[in-house]
Amino acid sequence: MSDGGGDVLHRSVSWSGGRVVSNRFDTVRLKMGAMTSTVAAKFAFFPPNPPSYRVVVDESIGGGKMKLTDVSERENVDVLKLKTKRGSEIVTAYVKNPMASMTVLYSHGNAADLGQMYDLFCELSVHLRVNLMGYDYTGYGQSSGKPSEQNTYADIEAAYRCLIETYGVKEEDVILYGQSVGSGPTLELASRLSRLRAVVLHSPILSGLRVMYPVKRTYWFDIYKNIDKIPLVKCPVLVIHGTADDVVDYSHGKQLWELCVEKYEPLWIKGGNHCDLELYPEYIRHLKKFISAVEKSGHLKIMSGTLTDNDTKPWVSTDCREKSRSSTDVPEHSRPSTSTEKSRSSVDRWEKSKKSLENVEKSNNATDQPEKARNSIDRSG
């Protein structure tokens, strides 16, 4: 059996304990794959240690309502623990906005947890007029288990199911937002949802291996194969990347945008690095334009390869040369929790699509490079 690269793989091969075991022969390529996957397992995930928060029961409210410690208390935030299909228990925070018609499901970067992302989530909810759910991957924050590629897929599925089944959110009102390594679970889910409203990719990766090496093809031991999944996403996609990103080169974002089926005007932030894009004023302005465009009409179409709202001119990204500024303070909003029983047709469609999708990912490790310390979000442990 040949892997297409000239090396012949003899007899049966199994994966065990991070080592490739062959009945008779270990080829050079298999050894390289094992070594790469082993390196990936060591460097892919960097949850803050210790976690930046704890989960406690709010005694002042009663009813077993949970809250995060070490963050500002807000009445419009629900803290939940969800069980994933792989057995982990993950922590989520759902920020409600009474003016919202859409909901963002945010998958954060590599070296962050909910406590560090909490203020940004609340700000985005207010400025974009959206509900927003953030979650910690397995092994991050107070979520149980050990982080892995496959676990992140189960994590985002559990969060999405919660939106549909607990809060009554419709698939067509969901926007998936993936930052850095979070682009992996985001595109995994987006490639299987046919009526998703939109996707935002923030400093995304083409694949785990491509962050480490400039390979021209996808190998079996690669992980987060976003380059192969982006053509399966049928909704509008916004890509944001800094031109000075020294962790994930912005060529990753450019190539993903070129492969999008429904392109929205991308935002290349001149001088922006991997962990500071939120500090640039054009970041929130461009996001607002995008949210407005996908919110106004359910019949968005493509003109000249760029998403437009009906017959208007394509959106143009703002000047990226403006000086950065800190995020503004956000007033608190609250509204009663909604708990509407909805049809599970969206989840059922997702399951059917999932079963029919070929090339199911089998690797349980990841190769995303460790992200550098973040000014306000991705703080390494």
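A donor-acceptor distance shorter than 3.5 angstrom exists from the side chain of Y280 to the backbone of G271, with no hydrogens or angles considered. In this structure, the side chain of S143 engages the main chain of D136 through a donor-acceptor pair within 3.5 Å. A distance-only check finds a donor-acceptor pair linking the side chain of H241 to the backbone of V248 [under 3.5 Å]. A donor-acceptor pair is defined here as one N or O able to donate and one able to accept, closer than 3.5 Å; no such pair exists between the side chain of N97 and the backbone of N131. With hydrogens and angles ignored, the 3.5 Å screen pairs no side-chain donor or acceptor of T138 with any backbone N or O of S88. Under the 3.5 Å distance criterion, the side-chain polar atoms of D222 are left unmatched by any main-chain donor or acceptor of K225. The backbone N or O of V174 lies less than 3.5 Å from no partner atom in the side chain of T103, so there is not a single donor-acceptor pair. With hydrogens and angles ignored, the 3.5 Å screen pairs no side-chain donor or acceptor of N226 with any backbone N or O of S207. Judged by distance alone, the side chain of K263 and the main-chain N or O of C260 form a donor-acceptor pair under 3.5 Å. Looking at S183, its side chain never comes within 3.5 Å of a backbone N or O of G178 through a donor-acceptor pair.
P204 places none of its side-chain heavy atoms less than 4.5 Å from the side chain of H252. By the 4.5 Å heavy-atom criterion applied to side chains, V104 and L176 are not counted as neighbours. Looking only at side-chain heavy atoms (C-beta outward), N151 and T84 stay at 4.5 Å or farther from each other. Side-chain contact between L105 and Y135 is present, with heavy atoms from C-beta onward closer than 4.5 Å. Side-chain contact check for I227 versus L259: some heavy-atom pair is nearer than 4.5 Å. Taking the side chain as every heavy atom from C-beta outward, V57 and K65 never approach each other to under 4.5 Å. Within the 4.5 Å cutoff, no side-chain heavy atoms of Y94 are placed close to those of V77. K146 has its side chain out of reach of F45: every pair of non-hydrogen atoms, C-beta onward, lies at least 4.5 Å apart.
To the nearest 0.5 Å, the span separating CG on L82 from CZ on R161 amounts to 11.5 Å. Expressed to the nearest 0.5 Å, how far CG of N273 lies from OH of Y250 amounts to 13.5 Å. To the nearest 0.5 Å, atoms CD (Q179) and CG (L201) are separated by 11.5 Å. One finds the CD1 atom of I175 at 8.5 Å from the CG atom of L196 (value rounded to the nearest 0.5 Å). Atoms CG and CG, from D245 and D249 in turn, are 7.0 Å apart once rounded to the nearest 0.5 Å. The line from CZ of F290 to CD1 of I240 is 9.0 Å long, rounded to the nearest 0.5 Å.
The side chain to side chain donor-acceptor pair (under 3.5 Å) check on T218 picks up R210, D228, with sequence neighbours excluded. Residues forming a salt bridge (Lys or Arg N to Asp or Glu O under 4.0 Å) with D173 (at least two apart in sequence, or on another chain): R197. When the ring pair (Phe, Tyr, Trp, His ring centres under 6.0 Å) test is applied to Y118, no partner is found at least two apart in sequence or on another chain. A search for side-chain contact (heavy atoms from CB on, under 4.5 Å) contacts involving K83 returns nothing, not counting sequence neighbours. Scored by the side-chain contact (heavy atoms from CB on, under 4.5 Å) test, S101 finds E295 as partners (sequence neighbours excluded).
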Query raised in the report: Would D155 and R86 satisfy salt bridge (Lys or Arg N to Asp or Glu O under 4.0 Å), going step by step from the backbone distance to the final call?
Result: CA-CA 9 Å; D155 298 339; R86 292 175 64 87; over 6 Å; no

Query raised in the report: Can you list the steps and then say if R192 with E188 is a salt bridge (Lys or Arg N to Asp or Glu O under 4.0 Å)?
Result: CA-CA 7 Å; R192 294 170 174 167; E188 170 71 10; 2.6 Å; yes

Report task. Determine, stepwise, if the pair D78 / K96 fulfils salt bridge (Lys or Arg N to Asp or Glu O under 4.0 Å). Result -> CA-CA 8 Å; D78 291 345; K96 296 168 286 187; 3.1 Å; yes

Query raised in the report: Can you check side chain to side chain contact (heavy atoms under 4.5 Å, CB included) on S107 and I156, steps first, answer last?
Result: CA-CA 8 Å; S107 300; I156 194 172; 3.6 Å; yes

Report task. Quick one: do K254 and W268 satisfy side chain to side chain contact (heavy atoms under 4.5 Å, CB included)? Show the steps, please. Result -> CA-CA 9 Å; K254 290 180 68 176; W268 313 129; 3.7 Å; yes

Requested in this report: Go through the steps to decide whether N76 and V95 satisfy the test side chain to side chain contact (heavy atoms under 4.5 Å, CB included), and finish with yes or no.
Outcome: CA-CA 6 Å; N76 64 319; V95 186; 3.7 Å; yes

Requested in this report: Apply side chain to side chain contact (heavy atoms under 4.5 Å, CB included) to L189 and E157, showing your working.
Outcome: CA-CA 7 Å; L189 181 59; E157 178 187 341; 5.5 Å; no

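Nearest heavy-atom pair across D119 and S72 is OD1-OG, 3.9 Å. Nearest heavy atom pair, residue V55 against residue M66, reads CG1-SD, 3.7 Å. Minimum interatomic distance between S180 and G109 (heavy atoms only, all atoms of both residues): CB-CA, 4.4 Å.
V56 and L80 are not part of a single hydrophobic cluster, where members link through side-chain heavy atoms under 4.5 Å apart. Clustering ILVMFWY residues whenever any of their side-chain heavy atoms sit less than 4.5 angstrom apart, transitively, puts Y213 in the very cluster that holds F221.
Remark: the Y140 side chain and the N110 side chain contain an N/O donor-acceptor pair separated by less than 3.5 Å. Counting only N and O atoms by type, the side chains of Y153 and E149 include a donor and acceptor under 3.5 Å apart. Using modelled atom types and a 3.5 Å distance limit, the side chains of T186 and Y106 yield no donor-acceptor pair.
Aromatic ring orientation, H108 versus Y137: tilted (interplanar angle from 30° to 60°).
The distance between the ring centers of Y264 and H286 falls below 6.0 angstrom. Here H202 and Y283 bring their ring centres to under 6.0 angstrom of each other.
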Table please: side-chain donor-acceptor pairs of residues 230-238 below 3.5 Å, with sequence neighbours left out.
from	atom 1	to	atom 2	distance (Å)
K234	NZ	P231	O	3.4

